[in-house]
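Inspection log for the structure reproduced underneath, given as structure tokens.
The chains referred to below are lettered A, B, ... by the order of the sequence lines, with proteins before strands, and numbering in each begins at 1.
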Amino acid sequence: MSKRPFLGWFASPSILIAFGIAASFLAIVQFSLRAHIPGALDPGGFTLDNFTTLWKTVYGKAFVTTVLLCWWTALFTLLIGYPLAYAMVRAKSARLRSAILLISLTPLFLGEIVRTYSWMIVLGNRGFLNATLMQLGVIDRPLDLMFTMTGVVIALVHFTLPIVVVMLAAALSHIDRNLERAATSLGAGRIRCFLTVTLPLSIPGIVTATSTAFAWTFSAFATPQMIGGGKVQTISTLVYQVGFASFNFPLAASLSLVGLLFTIAVLALFNTGIHRLERIGAH
Amino acid sequence: MLTEISAIAPQDTGEDTAVQIDGVSKSFSGTVALEPIRLKVRRGEFLTLLGPSGCGKTTLLNLIAGFLEADEGELFIDHDLVTQVPPHQRKIGIVFQNYALFPHMSVAQNVAYGLRTRRVPKAETAERVREALALVKLEDFADRRPRQLSGGQQQRVALARALVIRPRVLLLDEPFSALDRNLRSAMQVELREIQSRLGLTTVFVTHDQSEALSMSDRIAVMSRGRIRQIGTPSQIYDRPENHFVSTFVGDANLFAATLLEKTDATASLDIGTTRLSLATFQEELPEPGPVTLFVRPEQCSLTDPDQPGAIAATVALSVYQGSYAELHLDCSVAENGRVMLRVPASEAMEPGTDVGIALPERGPAIYTTTERET
């Protein structure tokens, strides 16, 4: 039983990858502790200056923007994803179920650049959305969607929806249908049944999906870069700007590192939240 | 068929009907799950729907509960037409196979759920929850979570939760199948006690024939979406009306025979080379020709192989069962080649012994051979 002859072979690719990640991670840590010499690509001597620089308002603002972006994206993804996931799990016809699954998964297959360009076409001043709304007479001036937080959130919601739908659907499908039937037999109508049984029991799934959405959005780059167009500065776009526009690799490295630690902290917070909720809603 | 049954059950007239099923049927995407069913459940009665899986018993239960909509026919509960009434307005108590207790609520909250949906005042709710938990002897577990309880305790919570709303009908969907054997019989007794004390109309679904025989006032044996026989446990066991019921409920020995002649009370038939004259309980015998003769193991007895009227057989296997032994006999005229008899353990015989099987003069039933089905 204890002898698994192929384990070594199966594990070797992952060890190789893990080694690569560890090496690049060490490189970033090393870079973050080196001084920046303007005009030179090679870093200078060891210093902690990069981290003190991060206390500047620009960088602080990027953190705040990123967190806000993640928060709004997670919230709206949840509000749209939950009904979708619910419909997917509960739809009686198998065809409808697979249609919902397919529609909610397409963003994953589109590729980031194609998807983001499409959104630029939709969100622009004379884009699909504004043109339609103006034609219909709902608005008389185009809404500012490009280069705004709203626009970035819309595109990010689309980007995050697949994982949230899939995770929520998994959580919802694990809820015993007999629980809802029991609630119904005890006199609960549809809404009460949902609020008192289905929703509380799906809370662990909601928390997991939300925290994943949070991390997913946190690392998004192309969408805030292209739709935000420099007006919506997140940590990842800032890293790009500092690193590849100013060639300040040490500062970019320390920014990445702090961003990473920040994500870990947020996810850890979610995790404790899950454990607490699981104690309430555990199966 | 129903008219025959009413003749057997003389107290049928004048009794109050709690549930009336009037030609209700159900198909799932073209497959018939339930043929039009007619069934009356009397008030206070414990009625069991018994049948193999896929026979439509659970479909019928779900139709009564309102989880499924009938394709046609009408359903009455307490003389109210409820065919179109959604389940949450039917005032029915259900105990599920897996109990379906709300895991995120305490025992007391589980039991109180049906009262809260009905906006029963708080003080009354607390009182009724306490009463219901006392009824199932779980007063001390009110604050526990369902998963902190044993299977039997969870089942009692499920029962208390269903009873506290004072349902018009209690539906039980194979509630004992998840319990181990000892606990199961204890819970069966307890449930039956509570049910008869409250005089609660109960519809019980099971595939376990011994459970059905021991618990029910009446049993409806189902197969292939139809009720094949309905009657008291002893009617079902002693006077099965057809081939299916005879083999599904209890052990049966079946012989291939030829019906030669029938009169009002007796039938003469050939089993292999043996000619017999039998009296049966059946009101209607099949036409002369190939038939199946059905005899319970306890109605058969062992005799000398040379005895007139005895059917020749050979002992194939003797299975010790404690107080008795099961003798499995090879018999060429039995439908599946085997006959089973129970004898006192001390009279068990060695395999290979030639014996004779003596059939009783009263009791066996004769069915048309074509009627055989699962």
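In the displayed structure, A/Phe25 atom CZ is contacted under 6.0 Å by at most 12 heavy atoms of other residues, nucleotides or ligands. Other residues, nucleotides and ligands contribute at most 12 non-hydrogen atoms within 6.0 Å of the CZ atom of B/Arg116. More than 12 heavy atoms of other shown residues, nucleotides or ligands fall within 6.0 angstrom of atom CD in B/Glu139. With a 6.0 Å radius and a threshold of 12 heavy atoms from other residues, nucleotides or ligands, A/Leu136 has its CG atom above the threshold. Heavy-atom contacts from other residues, nucleotides or ligands closer than 6.0 Å to CZ of B/Arg118 number more than 12. At most 12 non-hydrogen atoms from other residues, nucleotides or ligands lie less than 6.0 angstrom from CD of B/Gln84.
Between the B/Arg161 side chain and the A/Ala182 main chain, no donor and acceptor come within less than 3.5 Å of each other. Remark: side-chain polar atoms of B/His104 are paired, donor with acceptor, to backbone N or O of A/Thr196 under 3.5 angstrom. Under a 3.5 Å cut-off, the side chain of A/Thr184 and the backbone N or O of B/His88 do not form any donor-acceptor pair.
Checked options B/Asp173, B/Leu101, B/Asn98; the residue passing with A/Asn178 is B/Asn98 (criterion: side chain to side chain contact (heavy atoms under 4.5 Å, CB included)).
Counting heavy atoms from C-beta on, the side chains of A/Asp176 and B/Phe102 never come closer than 4.5 Å. In this structure the side chain of A/Arg181 reaches within 4.5 angstrom of the side chain of B/Asn62, judged on heavy atoms. Under the 4.5 Å side-chain criterion, counting only non-hydrogen atoms from C-beta, B/Phe96 is not in contact with A/Leu179.
Heavy atoms only, all atoms of each residue included: A/Ala188 and B/Tyr113 are closest at CB-OH, 3.5 Å. Shortest non-hydrogen contact noted between B/Thr117 and A/Arg192 is CG2-CD, 3.4 Å. Between B/Phe67 and A/Ser185, the shortest heavy-atom distance links the atoms CZ-CB, 4.3 Å.
The part of B/Ile92 that comes within reach of chain A is its backbone (N, CA, C, O), which places non-hydrogen atoms under 4.5 angstrom from that chain. Contact annotation for B/Arg90: neither backbone nor side-chain heavy atoms come within less than 4.5 Å of a heavy atom of chain A.
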